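These notes concern the structure reproduced below.
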Amino acid sequence: MKSMISHILIGVDGSKESFRALSYAMTLAKQFNGTCDVMYSIPPRVYAELAEREVKIEEPSGDVKFISMLQQEENHIRDLVQDIAAKEGLTIGFHTRVGDPVDAMIEYVSTSGVDLIVVGSSGKGMADRLILGSVSTGIVHKSPVPVLVTKPEA
């Protein structure tokens, strides 16, 4: 019999809450012998503001190169995710999309066989959610598969 949880998608944005969601998802994946993918979404306004800004990177060899601030952030988050997964004995797919995080994750779910989404809650109150919106709330309302929302540590 196929496990109810075999392919988990985790929303990661670099926040402490999103890495808490990653930790929960990896625990579930190990318990159910499942696989994990991470989605890192870059909102269009952030992309527009930062895509052309470059930072200087010095390679261990001494070579110097320039990469966009966005690429540096993506590389940093990908490296953290891969390091955490490796310590847990897991291999995790890493996917980056430019666009609304909710839409990016729901689109990925529709084409990938994901059967659970795990995201972190920022702990915003109702007023903040009404003004700013909430990725976790949007995913809960739009997802065709179950969603696990992890709460911030108290």
Side-chain angles (χ1 to χ4, degrees), residues 1-55 57 59-61 65-124 133-153:
M1 177 170 123
K2 181 185 174 203
S3 170
M4 289 179 61
I5 300 173
S6 62
H7 188 183
I8 303 170
L9 178 64
I10 309 112
V12 172
D13 63 7
S15 68
K16 179 173 60 172
E17 293 82 13
S18 70
F19 281 99
R20 184 171 168 82
L22 175 66
S23 177
Y24 267 82
M26 289 188 311
T27 299
L28 287 171
K30 287 169 65 173
Q31 287 178 347
F32 289 97
N33 198 28
T35 61
C36 293
D37 283 315
V38 163
M39 175 67 65
Y40 172 63
S41 299
I42 304 166
R45 66 175 170 60
V46 173
Y47 183 83
E49 291 174 17
L50 299 178
E52 300 300 319
R53 295 187 186 176
E54 292 187 330
V55 293
I57 303 293
E59 298 286 332
S61 65
K65 68 178 183 176
F66 292 88
I67 63 171
S68 77
M69 290 176 76
L70 285 175
Q71 186 65 58
Q72 181 185 35
E73 178 73 3
E74 178 186 347
N75 292 347
H76 175 70
I77 292 172
R78 181 188 302 113
D79 291 347
L80 283 174
V81 166
Q82 300 299 346
D83 288 348
I84 292 166
K87 288 177 184 167
E88 294 295 322
L90 295 171
T91 302
I92 293 184
F94 190 92
H95 309 276
T96 302
R97 301 285 188 277
V98 174
D100 177 72
V102 174
D103 293 340
M105 291 185 73
I106 299 305
E107 179 184 321
Y108 185 81
V109 165
S110 69
T111 61
S112 65
V114 164
D115 46 32
L116 177 68
I117 298 175
V118 180
V119 291
S121 171
S122 64
K124 294 178 188 168
S134 166
V135 171
S136 58
T137 299
I139 289 171
V140 166
H141 288 292
K142 292 184 175 183
S143 177
V145 300
V147 179
L148 171 63
V149 179
T150 61
K151 301 295 276 176
E153 289 186 273

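From a predicted model like this one, the values you see are computed outputs, not experimental measurements.
- Expressed to the nearest 0.5 Å, how far OH of Tyr24 lies from NZ of Lys151 amounts to 11.5 Å.
- Once rounded to the nearest 0.5 Å, the distance linking CE of Met39 with CD1 of Ile106 reads 10.0 Å.
- In this structure, CG in Asp37 is found 3.5 Å from NE2 in His7, a value given to the nearest 0.5 Å.
- One distance of note links CE of Met105 with CD1 of Ile139; it measures 4.0 Å at 0.5 Å rounding.
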Should Asp115 and Met4 be marked as a side chain to side chain contact (heavy atoms under 4.5 Å, CB included) after you check the CA-CA gap, both sets of side-chain angles, and the distance that decides it?
CA-CA 8 Å; Asp115 46 32; Met4 289 179 61; over 6 Å; no

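- Side chain of Ser110 to main chain of Glu107: a donor-acceptor pair is present (N/O by atom type, distance under 3.5 Å, no hydrogens or angles).
- Across every non-hydrogen atom of Ala25 and Ile8, the tightest pair is O-CD1, 3.5 Å.
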Report, one line per pair, each donor and acceptor closer than 3.5 Å where one atom sits in a side chain of residues 84-94; sequence neighbours left out.
residue	atom	partner	partner atom	Å
Glu88	OE1	Lys30	NZ	2.8

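- Of the candidates Gln72, Glu73, Arg78, Asn75 forms a side chain to side chain contact (heavy atoms under 4.5 Å, CB included) with just one, namely Arg78.
- Classified by interplanar angle (parallel below 30°, tilted 30° to 60°, perpendicular above 60°), the ring pair Tyr108/His95 is tilted.
- For Val149 against Ser121, the heavy-atom pair with the smallest separation is CG1-CB, 3.6 Å.
- The backbone N or O of Asp13 lies less than 3.5 Å from a partner atom in the side chain of Ser18, making a donor-acceptor pair.
- Nearest approach of Ile10 to Cys36, heavy atoms of both residues: CD1-CB, 3.7 Å.
- With hydrogens and angles ignored, the 3.5 Å screen pairs a side-chain donor or acceptor of Thr27 with a backbone N or O of Ser23.
- Between Leu116 and Leu28, the closest heavy-atom pair is CD2-CD1, 3.9 Å.
- Here the closest non-hydrogen pair linking Ala21 and Gly120 is CB-N, 3.5 Å.
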Mind running side chain to side chain contact (heavy atoms under 4.5 Å, CB included) on Val12 and Tyr40 for me, showing each step along the way?
CA-CA 5 Å; Val12 172; Tyr40 172 63; 5.5 Å; no

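- Closest of all the heavy-atom pairs between Ile117 and Val119 is CG2-CG1, 3.9 Å.
- Here Phe19 contributes atom CZ and Ile77 contributes atom CD1; the two are 6.0 Å apart, rounded to the nearest 0.5 Å.
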